[in-house]
Amino acid sequence: MGIIITILIGALAGFLAGRLMKGAGFGFIVNLIVGILGGFIGGNLLSWLGVNWGSTILGQIVTAVIGAVVLLWVVSLFKKK
C-alpha cells in the first residue's frame with residue numbers, strides 16, 4: 001500500500017507544482033517523476049532548515065510540492081528562452 005500512496009502523493013505534488021510554476025500540468029508520468037524527486041528534495045531541504053511537519057499525508061504533500069517547485073525553478077534557470 002505504501003508504494004501506491006507514494007505514487008499518488010508524487011503525482012499530486014508534481015501536478016500542483018506544475019500549476020504553480022507554469023500554469024498547467026505536464027502529464028501523469030512527468031508529474032509523478034517531478035513529485036517524487038520533489039519529495040526527496042523537499043524532505044532534505046526542510047530537514048536542513050530544521051522544519052519537521054511529521055509524517056502526515058498533508059505534510060508529505062506540502063513537502064513534496066515545495067521540493068517540486070524548487071526543482072522546476074532550478075530547471076527553468078537552465079532552460080533557454
Side-chain angles (χ1 to χ4, degrees):
M1 190 66 141
I3 191 73
I4 294 171
I5 298 297
T6 301
I7 289 171
L8 292 175
I9 289 173
L12 178 63
F15 172 75
L16 291 174
R19 300 283 287 180
L20 289 171
M21 293 299 291
K22 189 178 177 188
F26 301 111
F28 181 76
I29 299 298
V30 177
N31 284 343
L32 178 64
I33 293 168
V34 168
I36 291 173
L37 288 174
F40 178 74
I41 292 168
N44 285 319
L45 181 64
L46 292 178
S47 71
W48 291 334
L49 296 174
V51 177
N52 183 9
W53 288 332
S55 61
T56 64
I57 298 236
L58 182 61
Q60 291 174 359
I61 291 171
V62 172
T63 299
V65 169
I66 290 170
V69 166
V70 169
L71 174 65
L72 292 176
W73 176 70
V74 169
V75 168
S76 73
L77 294 176
F78 293 101
K79 191 174 178 183
K80 287 186 179 182
K81 291 187 178 190

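Scanning all heavy atoms of the two residues, the minimum distance from A64 to G35 falls at CB-O, 3.9 Å. The two residues V70 and L45 have their closest heavy-atom pair at CG2-CD2, 4.1 Å. Across A17 and V65, no two heavy atoms sit closer than the pair CB-O, 4.3 Å.
Once rounded to the nearest 0.5 Å, the distance linking CG of L32 with CG of L8 reads 9.0 Å. To the nearest 0.5 Å, atoms CD1 (I9) and CD1 (I57) are separated by 4.5 Å. Of the inter-residue distances, the one linking L12 atom CG with I7 atom CD1 reads 13.5 Å to the nearest 0.5 angstrom. One distance of note links CZ of F40 with OG1 of T63; it measures 13.5 Å at 0.5 Å rounding. Note that CG of L46 is 5.0 Å distant from CD1 of I66, once rounded to the nearest 0.5 Å. Interatomic distance, F28 CZ to I33 CD1, rounded to the nearest 0.5 Å: 10.0 Å.
Residues that satisfy the side-chain contact (heavy atoms from CB on, under 4.5 Å) test with L71, not counting sequence neighbours, are V34, L37, I41, V75.
Listed for the S76 side chain is a donor-acceptor partner under 3.5 Å among the backbone atoms of W73.
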